[in-house]
Colleague: 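Input: one structure, supplied below.
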Amino acid sequence: MTAFVRKHKVLTIILGISLAVLIVLGAIFFVRANHYKTHFFPGTVMSGVDVSELTAEEATDKVSRFVADYLLTIYARDDQKYYIEGPSIGYAYVPNGEIGQILEQQNAYDWMHEIKETKEQEIDLSTTFDAQRLETELAGLGCMQTDQMIAPEDAKIAWVDDSYQLVPEVMGTTLVFDKVLNLVTHAVENGETELELYDHYEDPVIRSDDPQLNACMDTIETYYGTSITYTFGKQDPFELTSEMIQTWLNVDEDYQVSVDDEKVTNFVQQMASTYNTYGDVREIKTSLGDKVKIGGGDYGWVIDKEKEKAQIYEDLAKGGHIEREPVYSQTAKKHGVNDIGSTYVEIDYTNQHLWYYKKGELVLDTDIVSGNLSRWNGSPDGVFKIVYKQRDATLVGEGYSSPVKYFMPFAYNVGIHDASWRGKFGDQIYLTAGSHGCINVPPEIAEKLYEVLEIGTPVVAYYREKVYLTAENARISNAYSYISEDDYKELKKKDPTAVNPKPDKKNR
């Protein structure tokens, strides 16, 4: 009996304790439930703001402070960043009762389950700001200072450092305030925290990848890759460099490339002046061993300026490195100071003698009779070449007609030929009884010379004394001693002892 009583007492104590525990737990449950009628559950996050254990008023205040800390980062060119802070523009949260409504919808009696989970939700963060202050803040940013803005520039082709180059565009940093203000206002209104202005600058119209610009540069680079090396036998070559060609180019406003024709013309003229030997004064070592200087005549190198110019244009269009001779209208036997070579005819009018050399070896020589100086028919002096050869020719002039067997002209209508009517050659015959201008040689010599003399062979003819030639053939053949009759008359007035008597037209 006693044991039963003790057992009953233990159960009573246990039940009492259990009931007490239940009462305490129930009290705690209802206390917490009552708490969560006015406070948010733990883990409640509204638009990124943790409002756990806060009342609706406290949560609203915390969201307001969070919104007030708004910061808009503006990304500009040149890796620049600018900021607009919420407080500076009066940025603020505008409560709309949504936070309180969410709290009212919260089931406080389910707090034991809800406190175990994170509850994130987006709320309407309606905001307000001072538009005038925003405009003032924007106007103060460095990227909006007009005096610091760099205007955009189109890509172009320009002459830079002695050559045409494609100058890239300048993107610039020019912004239109009103356009940027609209962008910033929209970003602030929508609570955006970043704004890029990269695509909102005033940009150049023409960029480096413009097809017209690149086509122009392709054309220019073709010219830049072109050079012409002119060769002159064993003489040093002369190069028309790509750098020189660059200075000839013109690029118009439509980026069309052209070559300055005047500069090409001047170049060809300069080259002709440098390398032409036509009519040049040459120093000749005579067969008698001394040296004489003789100019005039029509022998020598002559660059064909029009054809050379046309060839340059053709070379430029083709491009690349080109090596060639100039285009000549007339050539000589060799290049260099002695362009006559070692095969030539030498005529010494003063000594009335002719020599023919072939490859430096004397082939034949003879006395001659040249043009009659007293009758103003002096033979032309200078450096010429055999123009052609003719058998059985008839030489016709004013008041005469002379058949000859071998005619070898070298200066206009003046040439070397046989003179069967003469019984004597050499001496001083030419001064008073000379020819009409041709070079008379014995028939047997004429025949031999005709057989060995080639067309184009240089002819060096000279006087050792001062002679004035006024005959028409001397003028046409560019004789060294040619002088017009008017100039000769003036010369005689100044110097009555000038060589040659006054022209007697009836004897000419």
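Since this is a predicted model, take the numbers as computed values, not measurements.
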Colleague: Treating Ser163 as the side-chain partner and Trp159 as the backbone partner, does any N or O pair qualify as donor plus acceptor under 3.5 Å?
Modeller: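 The answer is no, because no donor-acceptor pair under 3.5 Å joins these two groups.
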Colleague: Would the number of heavy atoms belonging to other residues, nucleotides or ligands and lying under 6.0 Å from CD of Glu117 be above 12?
Modeller: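 Yes.
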Colleague: Could you tell me whether a side-chain N or O of Ser88 sits under 3.5 Å from a main-chain N or O of Ile84, the two making a donor and an acceptor?
Modeller: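 No, Ser88 side chain to Ile84 backbone: no donor-acceptor pair under 3.5 Å.
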Colleague: Using modelled atom types and a 3.5 Å cut-off, is there a donor and acceptor pairing between side-chain atoms of Asn190 and backbone atoms of His186?
Modeller: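 Yes, the answer is positive, given that a donor and an acceptor are paired below the 3.5 Å cut-off.
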Colleague: If you round to the nearest 0.5 Å, how far is CG of Leu453 from CD1 of Ile455?
Modeller: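 It comes to 9.0 Å.
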Colleague: So, using salt bridge (Lys or Arg N to Asp or Glu O under 4.0 Å) as the criterion, who are the partners of Asp61 when residues are at least two apart?
Modeller: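 Partners of Asp61 under the salt bridge (Lys or Arg N to Asp or Glu O under 4.0 Å) test: Arg65.
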Colleague: For the backbone of Lys359 and the side chain of Thr343, can you confirm whether one donor and one acceptor N or O come within less than 3.5 Å of each other?
Modeller: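 Indeed, once roles are kept as given, a pair shorter than 3.5 Å links the two residues.
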Colleague: Between Tyr36 and Phe41, is a ring-ring contact (aromatic ring centres under 6.0 Å, His included) present by the stated rule, with each step listed?
Modeller: CA-CA 7 Å; Tyr36 287 119; Phe41 291 135; 5.0 Å; yes
Colleague: Would you say the side chains of Glu472 and Tyr412 form a donor-acceptor pair under 3.5 Å?
Modeller: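 No, no side-chain donor-acceptor contact under 3.5 Å.
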Colleague: State, yes or no, whether a side-chain contact exists between Ile206 and Lys156 at a heavy-atom distance under 4.5 Å.
Modeller: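 No - every pair of side-chain heavy atoms lies 4.5 Å or more apart.
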Colleague: I'd like to know if the side chain of Arg133 reaches the main chain of Pro87, judged simply by a donor and an acceptor atom lying under 3.5 Å from each other, with no hydrogens or angles considered.
Modeller: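 Yes, Arg133 side chain to Pro87 backbone: donor-acceptor pair under 3.5 Å.
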Colleague: So, His39 versus Glu58: side-chain donor-acceptor pair below 3.5 Å or not?
Modeller: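 Note: His39 and Glu58 side chains miss the donor-acceptor criterion.
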Colleague: Tell me whether the count of non-hydrogen atoms from other residues, nucleotides or ligands lying under 6.0 Å of NE2 in His35 goes above 12.
Modeller: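 Counting other residues, nucleotides and ligands, NE2 of His35 exceeds 12 neighbours.
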Colleague: I'd like to know if the side chain of Asp298 and the backbone of Ser477 have a donor-acceptor N/O pair within less than 3.5 Å.
Modeller: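 No; zero donor-acceptor contacts below 3.5 Å.
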Colleague: So does Glu283 have more than 12 non-hydrogen atoms from other groups sitting under 6.0 Å from CD?
Modeller: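 Above 12, so yes.
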Colleague: Verify, without hydrogens or angle tests, whether Thr277 (side chain) and Asp280 (backbone) share a donor-acceptor contact under 3.5 angstrom.
Modeller: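 Answer holds: no.
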Colleague: Test side chain to side chain contact (heavy atoms under 4.5 Å, CB included) on His200 and Leu183; report intermediate values, then the result.
Modeller: CA-CA 9 Å; His200 301 286; Leu183 293 170; 3.5 Å; yes
Colleague: Decide yes or no for Ile245 and Tyr224: does some side-chain heavy atom of the first lie under 4.5 Å from some side-chain heavy atom of the second?
Modeller: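 With C-beta onward as the side chain, the pair stays apart.
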Colleague: By the definition side chain to side chain donor-acceptor pair (under 3.5 Å), identify the one residue from Gln80, Lys81, Glu196, Glu194 that meets it with Tyr75.
Modeller: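 Going through the options one by one, the only one that passes is Glu194.
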Colleague: Any non-hydrogen side-chain atom of Asn266 less than 4.5 Å from a side-chain atom of Trp248?
Modeller: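 A side-chain contact is absent here, since even the closest heavy-atom pair is not under 4.5 Å.
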Colleague: Is the side chain of Ser126 donor-acceptor paired with the backbone N or O of Val94 at a distance under 3.5 Å, no angle test?
Modeller: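 No, the answer is negative, given that no donor and acceptor are paired below the 3.5 Å cut-off.
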Colleague: Among side-chain atoms of Lys37 and Tyr109, is any donor-acceptor pair under 3.5 angstrom?
Modeller: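 Result is yes, a qualifying pair exists.
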Colleague: Going from OH on Tyr70 to OG1 on Thr193, what distance comes out if it is rounded to the nearest 0.5 angstrom?
Modeller: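 Between Tyr70 OH and Thr193 OG1, I get 7.0 Å after rounding to 0.5 Å.
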Colleague: Checking side chain to side chain contact (heavy atoms under 4.5 Å, CB included) for the pair Val259/Val264: CA distance, chi angles, key distance, verdict?
Modeller: CA-CA 8 Å; Val259 177; Val264 179; 3.5 Å; yes
Colleague: Specify whether Phe238 and Tyr275 have parallel, tilted or perpendicular ring planes, treating 30° as the upper limit for parallel and 60° as the lower limit for perpendicular.
Modeller: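 Phe238 and Tyr275: tilted rings.
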Colleague: State whether the side chain of Tyr462 and the backbone N or O of Val383 hold a donor-acceptor pair below 3.5 Å, judged by distance alone.
Modeller: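 Looks like no, no N/O pair under 3.5 Å.
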Colleague: Distance from Asn276 atom CG to Ile303 atom CD1, nearest 0.5 Å?
Modeller: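 Asn276 atom CG to Ile303 atom CD1 measures 5.0 Å (nearest 0.5 Å).
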Colleague: When you look at CG of Asp161, are more than 12 heavy atoms from neighbouring residues, nucleotides or ligands closer to it than 6.0 Å?
Modeller: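 Incorrect, the count does not exceed 12.
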Colleague: For Lys285 and Asp290, run salt bridge (charged side-chain N to carboxylate O under 4.0 Å, His left out): C-alpha distance rounded to whole Å, both residues' side-chain angles, the deciding distance at 0.1 Å, then the answer.
Modeller: CA-CA 6 Å; Lys285 184 176 181 180; Asp290 61 343; over 6 Å; no
Colleague: Within a strict 4.5 Å, meaning less than it, do heavy atoms of the Ser227 and Ile322 side chains meet?
Modeller: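 Side-chain contact under 4.5 Å: no.
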Colleague: Return the minimal non-hydrogen interatomic distance between Pro95 and Tyr93, and the atom names on each side.
Modeller: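 Smallest heavy-atom distance, with atoms named: CD-O, 3.3 Å.
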Colleague: Tell me, yes or no, whether the heavy-atom count around Glu361 atom CD, taken from other residues, nucleotides or ligands under 6.0 Å, exceeds 12.
Modeller: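 Not more than 12 within 6.0 Å, no.
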Colleague: Would you say Ser52 and Asp50 are linked by a side-chain donor-acceptor pair, where the criterion is simply a distance under 3.5 Å?
Modeller: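 On atom types as modelled, these side chains qualify, holding a pair under 3.5 Å.
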Colleague: Could you note down all residue pairs passing salt bridge (charged side-chain N to carboxylate O under 4.0 Å, His left out) where residues 84-111 supplies at least one of them, sequence neighbours left out?
Modeller: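 Not a single pair qualifies under salt bridge (charged side-chain N to carboxylate O under 4.0 Å, His left out).
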Colleague: With distance as the sole test, does Asp154 use its side chain to make a donor-acceptor pair with the main-chain N or O of Pro204 at under 3.5 Å?
Modeller: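 No, because the side chain of Asp154 does not come within donor-acceptor range (under 3.5 Å) of the backbone of Pro204.
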Colleague: Decide whether Glu169 and Ser208 meet the rule of one side-chain donor and one side-chain acceptor closer than 3.5 Å.
Modeller: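 A pair is found: one side chain offers a donor N or O, the other an acceptor, under 3.5 Å apart.
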Colleague: What I'd like to find out is whether the side chain of Val188 reaches to under 4.5 Å of the side chain of Ile89, using heavy atoms alone.
Modeller: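 When only atoms from C-beta onward are counted, Ile89 and Val188 do touch, with a gap below 4.5 Å.
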Colleague: Yes or no on side chain to side chain contact (heavy atoms under 4.5 Å, CB included) for Leu103 and Thr55, after CA distance, side-chain angles and deciding distance?
Modeller: CA-CA 8 Å; Leu103 182 60; Thr55 64; 5.5 Å; no
Colleague: How many angstroms lie between CG in Leu249 and CD1 in Ile220, if you round to the nearest 0.5 Å?
Modeller: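 Answer for the CG-CD1 pair, Leu249 versus Ile220, is 6.5 Å.
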Colleague: Compare all side-chain heavy atoms of Gln145 with those of Cys143 and state whether any distance is below 4.5 angstrom.
Modeller: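 Sidechains of Cys143 and Gln145: no contact.
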Colleague: Please report the shortest heavy-atom distance between Gly456 and Lys385, naming the atom on each side.
Modeller: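 Distance-wise, the nearest heavy atoms are O-CB, 3.8 Å.
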Colleague: Given side chains that start at C-beta, do those of Met144 and Val180 come closer than 4.5 Å, heavy atoms only?
Modeller: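 Sidechains of Val180 and Met144: in contact.
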Colleague: Which atoms form the tightest heavy-atom contact between Phe40 and Gln106, and what is the distance?
Modeller: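 Distance-wise, the nearest heavy atoms are CA-OE1, 3.5 Å.
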Colleague: Could you check whether Glu485 and Thr470, counting side-chain N and O atoms only, form a donor-acceptor pair closer than 3.5 Å?
Modeller: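 Judged by distance alone, the side chains do not pair up.
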Colleague: Carefully, step by step, assess Arg77 and Asp203 under the rule salt bridge (charged side-chain N to carboxylate O under 4.0 Å, His left out).
Modeller: CA-CA 12 Å; Arg77 280 183 178 166; Asp203 287 337; 2.6 Å; yes
Colleague: Could you give all pairs that pass the side-chain hydrogen bond (donor to acceptor under 3.5 Å, both in side chains) test and reach residues 299-313, with sequence neighbours left out?
Modeller: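 Listed once each, the pairs are Tyr230-Glu308, Asp261-Lys309, Asp261-Tyr313, Thr265-Lys309, Gln269-Lys305, Glu308-Arg324, Gln311-Asp315.
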Colleague: Determine, step by step, whether Glu122 and Ser47 satisfy the side-chain hydrogen bond (donor to acceptor under 3.5 Å, both in side chains) criterion, reporting the C-alpha distance in whole Å, the side-chain angles of both residues, the deciding distance to 0.1 Å, and the verdict.
Modeller: CA-CA 5 Å; Glu122 296 297 321; Ser47 294; 3.2 Å; yes
Colleague: Does the side chain of Gln121 come within less than 4.5 Å of Ile102's, by heavy atoms?
Modeller: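 Sidechains of Gln121 and Ile102: in contact.
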Colleague: Going through the checks in order, is the side chain to side chain contact (heavy atoms under 4.5 Å, CB included) test met by Ile74 and Tyr83?
Modeller: CA-CA 6 Å; Ile74 299 174; Tyr83 305 96; over 6 Å; no
Colleague: Taking atom CD as the centre, does Gln270 end up with more than 12 heavy-atom neighbours from other residues, nucleotides or ligands that are less than 6.0 angstrom away?
Modeller: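 Incorrect, the count does not exceed 12.
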Colleague: Working to the nearest 0.5 Å, report the span between CG of Asp178 and CD of Glu135.
Modeller: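 The distance works out to 8.0 Å.
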Colleague: Find the distance between NZ (Lys291) and OG1 (Thr286) and round it off to the nearest 0.5 Å.
Modeller: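 Here the interatomic distance stands at 10.5 Å.
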